[in-house]
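Letters A, B, ... are given to chains in the order of the sequence lines, protein chains preceding strands, and every chain is numbered from 1.
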There are 2 protein chains.
Amino acid sequence: MKKNIYEKEAQIFKALSNPVRLEIIDFLADGERCVCEIVENLNYEQPHISKSLLKLKEAGLIKDRRDGLNVYYSLKISCLREFFNCLNNILDADNSDKYC
Amino acid sequence: MKKNIYEKEAQIFKALSNPVRLEIIDFLADGERCVCEIVENLNYEQPHISKSLLKLKEAGLIKDRRDGLNVYYSLKISCLREFFNCLNNILDADNSDKYC
DNA sequence: TTAATATATTCCAATTATGGCATATGTGAA
DNA sequence: TTCACATATGCCATAATTGGAATATATTAA
């Protein structure tokens, strides 16, 4: 059933529809980071970051790995770059007829 | 300011984070359609469709054109295909380590 | 065991999204 | 003008999301 696919896709987009979570994804673009590094660099409350990471993980966008006290997160998909390049085209060319 | 970009990107993802709106986008992939065609084919209430179209339009994802009584909508971006190809990879390979 | 540190979870109030129904607006024909 | 049709908007109750504060859990060291 196709409706089911739309539901799942919507879930993924929902995970991406928050500025803090997008900032986290951007930060992870350079490679694996532990939660403490994310908290330090992005300047949000640690529980806020942890909850954001959970949502991204549930959507299948990131993965985690524990090493001692630390939990390291990294991007699970690489095509996100294309996503965002396209997005930026949209944002840049707001008046154009058709972009990308 | 970069935070602003995350806000705008999040807005676009929010517009995409609903199954009905995704179904509409899919339907528009074949080309321009009037509201009545969308209502007939997708089987949702007309006000529901109209409101969904408004959200997509506000996000800059579709555009509209009136011709007499009808209003025709069409996709404003073409890279959405790549978006969804990537998405499908994510959905298909839920257990894989890294996709796309 | 206890303590210290890193991370996750729970609870909550405020905000925002959802979709149904009624109604308003816009356009063309008579 | 009035009517019929296509589309848009407003109102509303319900549901989901948000982020803060407190607390819980997990891991390691001592």
Side-chain angles (χ1 to χ4, degrees), chain A residues 3-4 6-25 27-28 31-76, chain B residues 3-4 6-25 27-28 31-76:
Chain A
K3 303 251 175 187
N4 229 320
Y6 297 127
E7 287 284 354
K8 288 181 183 174
E9 287 180 341
Q11 275 309 111
I12 293 177
F13 283 124
K14 199 163 289 184
L16 291 167
S17 70
N18 175 281
V20 176
R21 295 196 290 267
L22 291 177
E23 202 174 342
I24 291 174
I25 285 180
F27 185 64
L28 292 180
E32 192 183 58
R33 302 280 187 176
C34 71
V35 177
C36 59
E37 288 176 295
I38 301 173
V39 170
E40 274 176 23
N41 280 274
L42 305 195
N43 252 5
Y44 296 102
E45 304 281 336
Q46 175 269 317
H48 190 180
I49 294 289
S50 275
K51 279 185 283 188
S52 300
L53 288 167
L54 180 61
K55 283 218 175 181
L56 291 171
K57 186 180 155 192
E58 285 173 339
L61 297 168
I62 62 174
K63 62 185 170 180
D64 61 342
R65 171 181 76 82
R66 179 177 276 274
D67 181 13
L69 282 180
N70 298 310
V71 176
Y72 290 88
Y73 284 88
S74 57
L75 293 186
K76 208 173 162 190
Chain B
K3 303 250 177 188
N4 230 319
Y6 297 126
E7 287 284 353
K8 289 181 182 173
E9 287 179 341
Q11 276 308 112
I12 293 178
F13 283 124
K14 200 163 287 183
L16 292 167
S17 71
N18 175 281
V20 176
R21 296 196 290 267
L22 291 178
E23 202 174 343
I24 291 174
I25 285 180
F27 186 63
L28 292 180
E32 192 183 60
R33 301 280 186 176
C34 71
V35 177
C36 58
E37 288 176 294
I38 303 173
V39 171
E40 275 176 23
N41 279 275
L42 303 196
N43 253 5
Y44 297 102
E45 304 281 334
Q46 175 269 317
H48 189 180
I49 294 289
S50 276
K51 276 186 281 192
S52 298
L53 288 167
L54 179 62
K55 283 218 176 180
L56 291 171
K57 186 180 154 191
E58 285 173 340
L61 296 168
I62 62 175
K63 61 185 172 181
D64 62 340
R65 172 181 75 82
R66 178 177 275 274
D67 181 12
L69 284 179
N70 299 310
V71 176
Y72 291 88
Y73 283 89
S74 57
L75 294 186
K76 210 173 162 191

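- Under 4.0 angstrom from either OP1 or OP2 of C:dG19 there lies at least one side-chain N or O belonging to B:Asn18.
- With rounding to the nearest 0.5 angstrom, the SG atom of A:Cys36 is 11.5 Å from the CD1 atom of A:Ile49.
- In this structure, NZ on A:Lys63 lies 11.5 Å from CG on A:Leu28, to the nearest 0.5 angstrom.
- Every pair passing ring pair (Phe, Tyr, Trp, His ring centres under 6.0 Å) that includes a residue from residues 48-74 of chain A is listed here, sequence neighbours excluded: A:Tyr44-A:His48.
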Q) What do the steps show when you test B:Asn70 against B:Val35 for side-chain contact (heavy atoms from CB on, under 4.5 Å), and what is the final call? A) CA-CA 7 Å; B:Asn70 299 310; B:Val35 177; over 6 Å; no

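- Of all the heavy atoms in A:Glu9 and B:Leu22, the pair that sits closest is CB-CD1, 3.6 Å.
- Between B:Val20 and B:Leu69, the residue anchored closer to the 5' end of DNA chain C is B:Val20, taking for each the nucleotide with the nearest heavy atom.
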Name the atoms and distances for all side-chain donor-acceptor pairs under 3.5 Å in residues 10-19 of chain B, with sequence neighbours left out.
unit_1, atom_1, unit_2, atom_2, d
B:Ser17, OG, B:Lys14, O, 2.8
B:Asn18, OD1, B:Val20, N, 2.9
B:Asn18, OD1, B:Arg21, N, 3.1

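- Heavy-atom distances under 4.0 Å link DNA chain C to A:Gln46, A:Pro47 of residues 39-49 of chain A, given in residue order.
- Applying the salt bridge (charged side-chain N to carboxylate O under 4.0 Å, His left out) test to every pair with at least one member in residues 31-45 of chain B, sequence neighbours left out, gives these pairs: B:Glu32-B:Arg65, B:Arg33-B:Glu37.
- Once rounded to the nearest 0.5 Å, the distance linking CD1 of A:Ile25 with CG of A:Leu75 reads 6.5 Å.
- Residue whose closest nucleotide on DNA chain D sits further toward the 5' end, between A:Ser17 and A:Gly68: A:Ser17.
- Here the CZ atom belonging to B:Phe27 is positioned 3.5 Å from the CG atom belonging to B:Asn41, to the nearest 0.5 angstrom.
- With a cutoff of under 4.0 Å to any heavy atom of chain A, the contacted region of DNA chain D is bounded 5' to 3' by D:dT17 to D:dT28.
- Mapping B:Cys36 and A:Gln11 onto DNA chain D via the closest heavy atom, the residue that lands nearer the 5' end is B:Cys36.
- Atom CG in A:Asp64 sits 9.5 Å away from atom NZ in A:Lys76 (nearest 0.5 Å).
- Using a 4.0 Å heavy-atom criterion, one finds that A:Tyr72 contacts no nucleic acid atom at all.
- Closest to the B:Lys55 side chain, of the nucleotides C:dT18, C:dA8, C:dC21, is C:dT18.
- Spacing between atom CG of B:Asp67 and atom P of C:dT27 amounts to 12 Å, rounded to whole angstrom units.
- Using a 4.0 Å heavy-atom cutoff across all strands shown, A:Lys51 reaches at least one base atom of the nucleic acid.
- One axis for each end of the helix from C:dT1-D:dA30 to C:dA30-D:dT1, each built from five base pairs, and the angle between them comes to 20° at 10° resolution.
- Here the straight-line distance linking atom CD1 of B:Ile38 with atom CD of B:Glu23 works out to 11.0 Å at 0.5 Å rounding.
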